[in-house]
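Side-chain atoms are counted along with the backbone in the values below, which use heavy atoms only and exclude waters and symmetry mates. In what follows, chains carry the letters A, B, and so on, assigned in the order in which the sequence lines appear, proteins first and then strands, with residues in each chain numbered from 1.
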Amino acid sequence: MMKYALETRKLDLYYGETPALIEVDIKIPKNSVTALIGPSGCGKSTLLRCFNRMNDLIPDCRINGSILYYGQEINNRTTDVVELRKRIGMVFQQPNPFPKSIYENVVYGPRVHGIRDRKKLDAIAEESLKGAALWEEVQDRLHEAARSLSGGQQQRLCIARSLSVGPDIILMDEPCSALDPIATAKIENLIAQLKEEYTVVIVTHNMQQAARVSDYTGFMYMGKLIEFDITPFIFERPKQELTENYITGRFG
Amino acid sequence: MPMKDRYHAQIEAYRKSVENYSFFTICMLRDAFDAFSSIDRDLACEIAGGMEVHCIKDTIQEGGPMMHQEILVPRKVYLRLRREQLEEEGLKLIALHQPVASDLRTIACCMNLISSAERIGRYGKDICHSTYKLPEGKHISGMVRLPEMASRAISMLEDALRAFQTQDINLLDGFSDRDDVIDQMRYSIYEDCIRIMEDDPATIPFCATYLLIDRYLERCADHACKAAEKIHYMVTGERIEIK
């Protein structure tokens with residue numbers, strides 16, 4: 001079994017003529033939480049979106065280099081992007097439940113992938129909501145509108161929705177930035193649990209959050225991966241001066 | 001001033017306060033040993049019991065704004081109050097700003113140095129107390145080798161403090177060897193004192209005091225080594241052990 005869930009080699013990405021990623025080499029170990037930090041516009045969300053080919057949806061976006069999923073090249077025309085996004089789920093900054101019930105949100109993905117058996121869908125819903133630490137709170141109101149949930153619950157519902165199609169990697173783009181400290185703590189606890197079964201990559205502006213939840217941290221600046229190391233090293237004794245200046249707030 | 005600049009100014013001010021406190025305690029040790037060498041009881045009394053200005057920060061007057069209040073306290077009390085205050089300031093910086101990397105290492109180092117510094121000051125106070133208790137008369141056998149040992153231990157403390165001030169870890173080179181020399185001196189002084197006391201029991205009051213001070217100075221050198229380890233970590237991020 002491959003040691004790395006994701007890997008990029010000399011990855012360049014351009015929006016038109018503007019470079020957004022420059023020769024990014026990163027190896028993301030499986031069953032770990034990797035945080036990407038850096039100032040706005042440094043390319044961390046762009047890199048995250050490369051992992052499930054979300055950048056394909058952006059016009060004028062051009063990518064060179066390799067993106068490997070368990071050693072398999074995914075940056076080519078033969079990759080089944082729908083299947084890839086099933087394997088690599090994504091959670092966004094703002095909770096974005098569908099305007100449907102809690103239950104329907106969770107089983108939406110499996111249905112799209114052809115599962116029709118009600119019992120099977122019920123089991124998936126329960127398992128996914130449990131996986132997202134939401135089951136206890138919603139088991140009695142599965143058919144209520146998802147939008148009636150609090151922001152933190154909606155975000156966990158989105159995590160449950162991504163778990164429902166059986167991914168092995170979950171990408172999170174600032175998943176707690178719209179949440180209060182209590183909801184944030186729940187998501188952070190959940191992230192710690194998720195890594196038992198999944199590989200998690202999280203983009204965050206909150207460095208304390210990166211320090212708390214991640215095993216590895218990558219610091220990006222102007223499209224380059226400046227430093228990648230185990231998290232305690234990054235926050236205790238970074239090797240690069242740029243990293244030091246950024247995390248201590250002496251930037252610019 | 002932007003919040004981040006204010007935070008870094010606070011860390012710098014904190015570092016400076018720890019530096020001043022450490023300097024104060026090393027001076028206390030040095031002056032105490034001078035008082036002991038010259039058997040100057042008045043000076044010893046002044047060093048241990050003299051009054052020091054202690055500033056109580058952020059006190060709240062009933063119904064009024066936060067105030068600073070200055071009180072006069074004996075030096076030995078000041079040692080404890082200032083250590084507590086500096087510890088609290090370090091914890092406050094951690095709680096309010098969640099420092100990382102070099103900022104975190106600086107605060108961690110400062111909090112270690114504070115404890116060592118208080119111990120150094122208290123050894124100074126103990127040497128003063130030993131001075132009051134010395135019998136009338138002059139030192140014997142040139143105080144064995146205590147003056148040399150004191151000079152070596154104080155010089156290690158001063159070098160550690162200078163390394164802390166300047167972040168020049170080259171000043172810490174050779175601390176292990178210097179500590180070994182002090183350890184050897186400690187045993188040699190111990191043996192000399194035993195021999196002198198066996199030869200002439202009248203020397204016991206002096207020699208027993210020398211043995212105590214011998215121990216204090218050896219501990220001071222140990223504190224200098226511990227401080228050197230922390231300063232090395234603060235500057236480089238790498239932990240070393242000075243044996």
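A:Asp168 meets the salt bridge (charged side-chain N to carboxylate O under 4.0 Å, His left out) test with A:Arg87; sequence neighbours excluded.
Shown here is B:Leu96, whose CG atom has more than 12 heavy atoms of other residues, nucleotides or ligands within 6.0 Å. Applying the 6.0 Å contact sphere to OH of A:Tyr15 captures more than 12 heavy atoms from other residues, nucleotides or ligands.
Remark: side-chain polar atoms of A:Glu244 are not paired, donor with acceptor, to backbone N or O of B:Ala101 under 3.5 angstrom.
When each of B:Leu104, B:Asp103, B:Ile11 is paired with A:Thr248, the side-chain contact (heavy atoms from CB on, under 4.5 Å) condition holds for B:Asp103 and for no other.
Note that the CD1 atom of A:Ile247 and the OG atom of B:Ser102 stand 8.0 Å from one another [nearest 0.5 Å].
Residues of residues 229-241 of chain A having a heavy atom under 4.5 Å from any heavy atom of chain B, listed by number: A:Phe235, A:Glu236, A:Arg237, A:Pro238.
Among B:His8, B:His97, B:Gln98, the residue making the largest number of heavy-atom pairs under 4.5 Å with chain A is B:His8.
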